[in-house]
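A, B, ... follow the sequence lines: proteins, then strands. Residue 1 opens every chain.
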Protein chains: 2
Amino acid sequence: MEKRATIRDVAERAKVSKTTVSYVLNDVKKVSEDTRKRVLEAMAELHYEPDFTAISLTKRKSQLIGVIMPLVNESIAAVMQENTYFNEMISAIEKVARENGFDILLTGLAEPERYRAWVQKRHLDGLLFLGLFPEEIYSEMRSMDVPAILIDTYETHTGDYPSVNVDDEKGGYEAARHLLALGHKQTAFLTSNRADPVERERYKGFQRAYKEAAVKLPPPVETASVHSFESGYAAGRKILEEERFTAVSAGSDTTALGIVRAVHDAGKEVPGDLSVTGFDDIRMSRYLTPALTTVRQHIERKGMIAAKKLVHVINGGQEKAEMIDIELVVRDSTGPAPG
Amino acid sequence: MEKRATIRDVAERAKVSKTTVSYVLNDVKKVSEDTRKRVLEAMAELHYEPDFTAISLTKRKSQLIGVIMPLVNESIAAVMQENTYFNEMISAIEKVARENGFDILLTGLAEPERYRAWVQKRHLDGLLFLGLFPEEIYSEMRSMDVPAILIDTYETHTGDYPSVNVDDEKGGYEAARHLLALGHKQTAFLTSNRADPVERERYKGFQRAYKEAAVKLPPPVETASVHSFESGYAAGRKILEEERFTAVSAGSDTTALGIVRAVHDAGKEVPGDLSVTGFDDIRMSRYLTPALTTVRQHIERKGMIAAKKLVHVINGGQEKAEMIDIELVVRDSTGPAPG
DNA sequence: TTGTAAGCGTTATCAG
DNA sequence: CTGATAACGCTTACAA
């Protein structure tokens, strides 16, 4: 194994000092066109590649972006395996990162104090938070002066980091309007945590639509999680048992899938016996049978926008919050209310 | 922002030299129990965390594992978004990596020469290849002496790196036997690339089963990709048009999903008009309607085994290839041949 | 325009 | 058992 070339090798070959090489590397100061060319040649001949690790040590920059995911059972595996929303998000982030010379590091961290350690250990240049985390984490990060962009969070909770999210209130509103137009009055709104701002906004939209239509909205139905198939399945069974609802609005497409399955397992039909709306519009949703009526989040776009903002802030720019448009996508899992 | 503590701060506080601190940090040499305790205390008080970047520079170890993914259109996004197989894989890898103090770096690289640069730039400790890549990449990596484990590849192609894969031949065989038992003689075996060893093995198994049953197997049906929904959909249409087949065997669950959808869009039924088998058993497959009959790859287990092997090799161990068992999972997308 | 030398936080070599 | 001191590969005042 030929030893890899260092800046020193390049310098010797080009008969200049390491400093000069560094200058042309960083496009800094004025290097005579002549030496510059010599250096460039030497670099090419030696297949020289700068060592990020060394650069990281001096510049305190790593070209590394940390992506922080929600954690289930000490691992990000559960959430990544269940809900492809996160995968679509991550792949979009990775794309923008790569285009800008960054690599991404995935993690889900349990204790807040580990965040500081992680950022320091790796000299992380910036952070992308997927979802809402305990407030102390944001203030920790602030105190370290590390840039961050928050995805799917409302700013009131975030210690002032810019957020990229979606108009959840509108999403809830549109879903409800659609269901109302189909004649559904007894609609179950699934919720796992009424304190979560995302869920709350969606519910607000839901209420607004029902109010406008002067229809009384039944109380929300509690569920363990809005991200898992299992909790959707359980909620589906519960809803069928109550024999009261003609429609249900889920917090994610994954949950909606669970509901659909529960309906089938009970020998009933979607949308014949129960209309179902999802949320997210993950890739899969258009492929299913019945294809899911859902609220499209533009996941990929959201991820790309957030990543671009982060890169911009890392490079010294300013960014502010952005809310991405959202829209209802009507497909086959919703139909007219029976009767 | 309080400046972070370095090894020097710890040394001063404990009234020892940096060297000594380093010793206790690395559990090396014999440090008197007394000083050791003092150092530990100082570390705790200062919330000291060793700087991976600096360590990486001296030790040429980064605690970083590179995960190399197949690339579509210069980006890993396409494959991550379409086929959740990769996500389940990655999350399993991430879990093992974290447990062993490693972070993972995702990439898909276009030109082989970039691999060397990437490994060097980041001082990567090891590599995990997902799928088959051009041979020159493996020899490049060999020449750099970087440990690697290959997933879903057969060793003949890999320049001797240990591989972790699945008994594809058996998978094809089991799927074919199941279909034969249901009376399907006209079965379409979908293939995108007859040179790919994975596809070839599966087809071999398929042939074996048909031979044993003394049934003539129709020639395979070509498709653009065995990983995308779209190509499954297209293949589904083609197969229906031919009006010859009563069953089809897809190369992934994602493709199978596309086929199912094509059947529905044609006003027909699965499995009534066409039986469909998938491959992989991704999470989603058990949730669908009809739930997919498929060959289970134990994706998570495969990922964990590969990651563990890699960690072992990185730590100086030896590893050899391993083939993981595979099994047919019969669900609702297959049924008796009509007539 | 180019070079010298110190420094980033850590480990490794070699003395004491 | 402990400590100087020189690396690791690169950047950055400061000189020349």
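Within the nucleic acid shown, B:Phe52 has no heavy atom closer than 4.0 Å to any nucleic acid atom.
Remark: P of C:dG9 and CG of B:Asp9 are 9 Å apart, rounded to the nearest angstrom. Rounded to a whole Å, the CG atom of A:Asn26 is 7 Å from the P atom of D:dT12. The interatomic distance linking B:Ile55 (CD1) with D:dA7 (C1') rounds to 16 Å, in whole Å. A:Glu33 places its CD atom 10 Å from the P atom of C:dT1, with the value rounded to the nearest Å. In this structure, B:Ile7 places its CD1 atom 5 Å from P of C:dT10, rounding to the nearest Å. The distance from atom CZ of A:Arg4 to atom C1' of D:dG9 is 9 Å, rounded to the nearest whole Å. Rounded to whole angstrom, the span from the NE2 atom of A:His123 across to the C1' atom of D:dC10 amounts to 14 Å. Nucleotide D:dG9 holds its P atom 17 Å from the CZ atom of B:Arg122, rounded to whole Å.
End-to-end axis angle of the helix from C:dT1-D:dA16 to C:dG16-D:dC1, from C1' rotation axes over five pairs per end: 40° (rounded to 10 degrees).
Using a cut-off of 4.0 Å between Lys/Arg side-chain N and Asp/Glu carboxylate O, B:Asp51 and A:Lys121 are scored as not salt-bridged. A salt bridge links B:Asp34 with B:Arg38; the closest basic N to acidic carboxylate O contact falls under 4.0 Å.
Nearest nucleotide to the B:Lys59 side chain, out of C:dT11, D:dC10, D:dT2: C:dT11. Nearest nucleotide to the B:Ala54 side chain, out of D:dC10, C:dT10, D:dT2: C:dT10.
Residue A:Arg60 has a polar side-chain atom (N or O) positioned under 4.0 Å from OP1 or OP2 of C:dG9. Taking side-chain N and O atoms only, B:Thr35 has a distance below 4.0 Å to OP1 or OP2 of D:dT2.
Sorted by residue number, the members of residues 12-25 of chain B with any non-hydrogen atom under 4.0 Å from DNA chain D read B:Val16, B:Ser17, B:Thr19, B:Thr20, B:Tyr23.
For the salt bridge (charged side-chain N to carboxylate O under 4.0 Å, His left out) with B:Glu322, the qualifying choice from B:Arg301, B:Lys309, B:Lys308 is B:Lys309, the only one to do so.
Side-chain atoms of B:Ser17 and B:Thr20 include a donor-acceptor pair closer than 3.5 Å. Side chain to side chain, B:Asp196 and B:Tyr154 fail the donor-acceptor criterion of an N or O pair below 3.5 Å. Remark: the A:Thr53 side chain and the B:Arg122 side chain contain no N/O donor-acceptor pair separated by less than 3.5 Å.
Every residue was checked against the side chain to side chain contact (heavy atoms under 4.5 Å, CB included) condition with A:Thr58, not counting sequence neighbours, and none meets it.
The aromatic rings of A:Phe129 and A:Tyr115 sit parallel to each other, their planes meeting at less than 30°, with 60° as the upper class boundary.
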With side chain to side chain donor-acceptor pair (under 3.5 Å) as the test, would you mind laying out the steps for A:Lys95 and A:Asn100 before giving the verdict?
-> CA-CA 9 Å; A:Lys95 186 174 180 179; A:Asn100 289 277; over 6 Å; no
